[in-house]
Amino acid sequence: MTKQIVFSEEANPPLPVYCKCSAVISGKTIYVSGSIGITRDMQLVEGGVQAQTRAALDNMTKVLKGAGVGLESVLKANIYLTNLQRDFTPMNEVYLEHFKSNPPARTCIGVAALPLGAEVEIECIAELP
């Protein structure tokens, strides 16, 4: 098995304590590390779960671009919310702006805490053409 590490100059750098790369490619599969809604200087974006979801998905898009694909190549997304009951609907509104047609399979899980106090984290598995 060979694996290729993906870095994107456009994307936020990975959180050093949690991950050393933005994504890994093995075969034709791209495993994208979790993205939270932060700025390039690793500050949470303001505006709650919708703003954080938008920033996380925008960052994930940049990571995928670094691997040579876009959101249309995402097969599966995993979403983690610190308040599932309160935040699922507003997160989902932003999510559907990015996946307008033919969305990927998805799991959404409530968790106790996320890095840097984020309200949402999104990771995905995508496929190369």
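Follow the hydrophobic side-chain contacts under 4.5 Å out from V32 and you reach L57 in the same cluster. Both F99 and F88 are assigned to one and the same hydrophobic cluster, defined by single-linkage of ILVMFWY side chains at heavy-atom distances under 4.5 Å.
Residue pairs that meet the salt bridge (Lys or Arg N to Asp or Glu O under 4.0 Å) test with at least one member in residues 36-51, sequence neighbours left out, do not exist here. Each salt bridge (Lys or Arg N to Asp or Glu O under 4.0 Å) pair with one or both residues in residues 51-70, not counting sequence neighbours, appears once here: E10-K65, R54-E97. Sorted by first and then second residue, the side-chain hydrogen bond (donor to acceptor under 3.5 Å, both in side chains) pairs involving residues 67-80 (not counting sequence neighbours) are K76-N78, K76-T107, N78-E123, Y80-E123.
Looking at every heavy atom in both residues, V45 comes nearest to I38 through CG1-C, 4.1 Å. Contact detail for A23 and I30: the closest heavy-atom pair is CB-CG2, 4.1 Å. Across every non-hydrogen atom of L81 and C108, the tightest pair is CD1-SG, 3.6 Å.
The side-chain contact (heavy atoms from CB on, under 4.5 Å) test with V111 is passed by exactly one of T82, V120, L84: T82. The only member of E121, Q52, E119 that meets side-chain contact (heavy atoms from CB on, under 4.5 Å) when paired with L114 is E121. Tested against S35 for a side-chain hydrogen bond (donor to acceptor under 3.5 Å, both in side chains), the candidates T53, N59, N12 yield a single pass: N59.
Both tests pass for R106 against the ring of Y95: distance under 6.0 Å to the centre and angle within 45° of the axis.
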